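Chain letters run A, B, ... following the sequence lines, proteins first and then strands; every chain starts at 1. No hydrogens, no waters, no symmetry mates; every other heavy atom, side chains included, goes into these values. This structure is a prediction, so every number in the text was calculated from the model and none was measured.
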Amino acid sequence: MAEKPTRENWGSRFGIILAVAGSAVGLGNFLRFPVQAAENGGGAFLIPYFISLIFLGIPLMWIEWTVGRYGGAFGHGTAPGVFHSLWKNRLIKYFGVIGIFGPTVILMYYIYIESWTLAYSFFSISGAYAGVETQGQMVDFLSNYQGVEGAGISGVGAAFFFFLITFVANFGVMYYGINRGIERFAKIAMPILFTMGLILAIRVLTFGTPDPARPDWNLINGLGFLWNPDFSALLDEKVWLAAAGQTFFTLSVGIGVILTYASYLKRDEDVVLSGLTAVSMNTIAEVILGASIVIPAAFIFFGPLEVVNIAKGGAFNLGFVTMPMIFTKISGGAIFGFIWFFLLFLAGVTSSISLASPAVAFLEDEFGITKQEAVTYFAIICFLLCIPSVLFLKHGVVDELDFWGGTFCLVLFATVETILFGWIFGIDRAWEETHLGANMRIPKFYKWIIKYITPLFLFFILGRWLLKQGWSTLILEGVSDENLPYIIWTRLMLLGLFLGLSILVSAAWRKKKRAELALEEAGQ
Amino acid sequence: MITDTGAILLFAQTVTEAAGAVTSAAAGAAPPAAVVAIAEAAASNAAPLGMTGAGWAMLAVSWTSILLLAAFCFRRVFKTGSEGQDQQPPA
């Protein structure tokens, strides 16, 4: 195999572990997980969660690290090339397009949401929401900031300003490349993120009973609300699917970003222990820190009745309405508010950088341009692609992007990748490849899990979606007349993006073929 | 990493409704049926206040297993170092 000496490498093993953990630790760890646990059996939710982690999350993590490192040795850092390295089929590279398309689609709204956390960090310190007294007013505050109502503190202007800062920060880090940019940033951001999470968790766990008039609204009851297991929930299929979804989505697997990060590994660098370490960091952030902050805090300040209501409102309700309300009620709230939102901002940036990586790596690897050129070109395209999320949030554009990029493509890509790895590349070769340079051996039963259980799990999730929601989603059932044109335009834009990427893949392979022919002719 | 963005707009509606329900309840009006259902669910959820033995057990087992896994991984990462490999690939 011909190795490309020009490809970058990670400077240290700890660097890539932190970068992958940073990609996995995102807003979902602190906002989505506690809501999912509270709604799906409390402590009992951890049983399907850990089972899914063992049978789905960890195997997928190892698969992505391994195929990424394997493809990187052929000079490919993205799924089209990596898939083609695994299977010399002329069509497989087009399936790999999902591994660039999916992260790009998520990026189209993720940076915007991330920018809210930066804005709220600023609002916390400046006391912008300090005078807000009710949840309704806090919702208005957020709506005004987003420009959903078309008026307010500064309409879309303020939101756009913070979006620009966030956008520049993301691509600024990327501009410096893998080693000096992403790795260096992860080494600074991740320790800060965990320290901030620990400070907040300790603060919440020392709240005690802040309102003596309501002695039941205390920490122990708040923890009980989240952790007391309702084992009858384990008989509900939805709880198992929610747990599988959570472990799957939280690890950033099945999307192509870890594959890209792993492609910058040296050929004989360990993937088994590093992958498992990244999983353990993500799980600490989720189950220990994430579960110790929002739900207990919301319970202590709003009581059992309201916390259910809040949880039903979704993860964003907790993050952008409930938490700021709590910060207005505690001493040092401005500081803790800043810590909370900046923690989310760091979690967001480390994730969005990884989402941008496949597209940048694709331009760099397949068209032979420099990292800086690739970052610049992609930044321009990405900026234009992000605009609909900023301007048409209230018309359901973000939900539509999230569905296709953040849900459908993930499951589809993971399914293709797992089949390719365990069946077409072959489980024996795959097993050998995974253990190349490994610092620990994977228990042998995982060979069976990777070949049978993980793909079956994925087929089940995909099939269930197609049967229950697929058709109604495709025919736009439930979309209001007002939002319909926006959703159709969003779909056309996504279709255009997918076709554009497929054309680029085709062009890259033609270019490569011409170069090979020219080389052969020159040799003769 | 994923954000649950599907709830972005829904939550605004839910909280606004909830806030409205509180206001109307304060004014003596009957709360909407949806809010009554949520309240009933909350009451049933909140029945066993405090941490039960099973709750403490779930928390202890989860935290311990996660921390043990992390300790195991980091110990080996630092032991083997950046470039180290203490095992050969399988034959």
Pick from A:F50, A:Y49, A:F231 with the largest number of heavy-atom pairs that fall under 4.5 Å of chain B:
A:F50

Among A:T322, A:L276, A:T434, A:I47, which residue has the highest count of heavy-atom pairs closer than 4.5 Å to chain B?
A:L276

Quick check: closest heavy atoms across A:P229 and B:M58, and the distance to 0.1 Å?
CG-CG, 3.9 Å

Show the nearest heavy-atom pair for residues B:G55 and A:N228, with the distance to one decimal.
CA-OD1, 3.6 Å

At what distance, to the nearest 0.5 angstrom, does [atom1] of [X] lie from [atom2] of [Y]?
X      : Y      : atom1 : atom2 : answer
A:I17  : B:F74  : CD1   : CZ    : 6.5 Å
B:R75  : A:T277 : CZ    : OG1   : 12.0 Å
B:C73  : A:M440 : SG    : CE    : 6.5 Å
B:L69  : A:L53  : CG    : CG    : 8.5 Å
A:S280 : B:F72  : OG    : CZ    : 10.5 Å

When you measure from the side chain of B:R76 to the backbone N and O of A:L273, does any donor-acceptor pair fall under 3.5 Å?
no

Any donor and acceptor pair, going by atom type alone, linking the side chain of A:N221 with main-chain N or O of B:G50 inside 3.5 Å?
yes

In terms of relative ring orientation, are A:W227 and B:W63 parallel, tilted or perpendicular, with 30° and 60° separating the classes?
perpendicular

Considering only heavy atoms from C-beta outward, does the side chain of B:L67 approach that of A:I288 to under 4.5 Å?
yes

Under a 4.5 Å heavy-atom cut-off, does chain B meet the side chain of A:S292, its backbone, both or neither?
side chain

Interface moiety of A:M281 toward chain B, non-hydrogen atoms closer than 4.5 Å
side chain

Check step by step if side-chain contact (heavy atoms from CB on, under 4.5 Å) holds for B:T80 and A:D270.
CA-CA 10 Å; B:T80 51; A:D270 165 85; over 6 Å; no

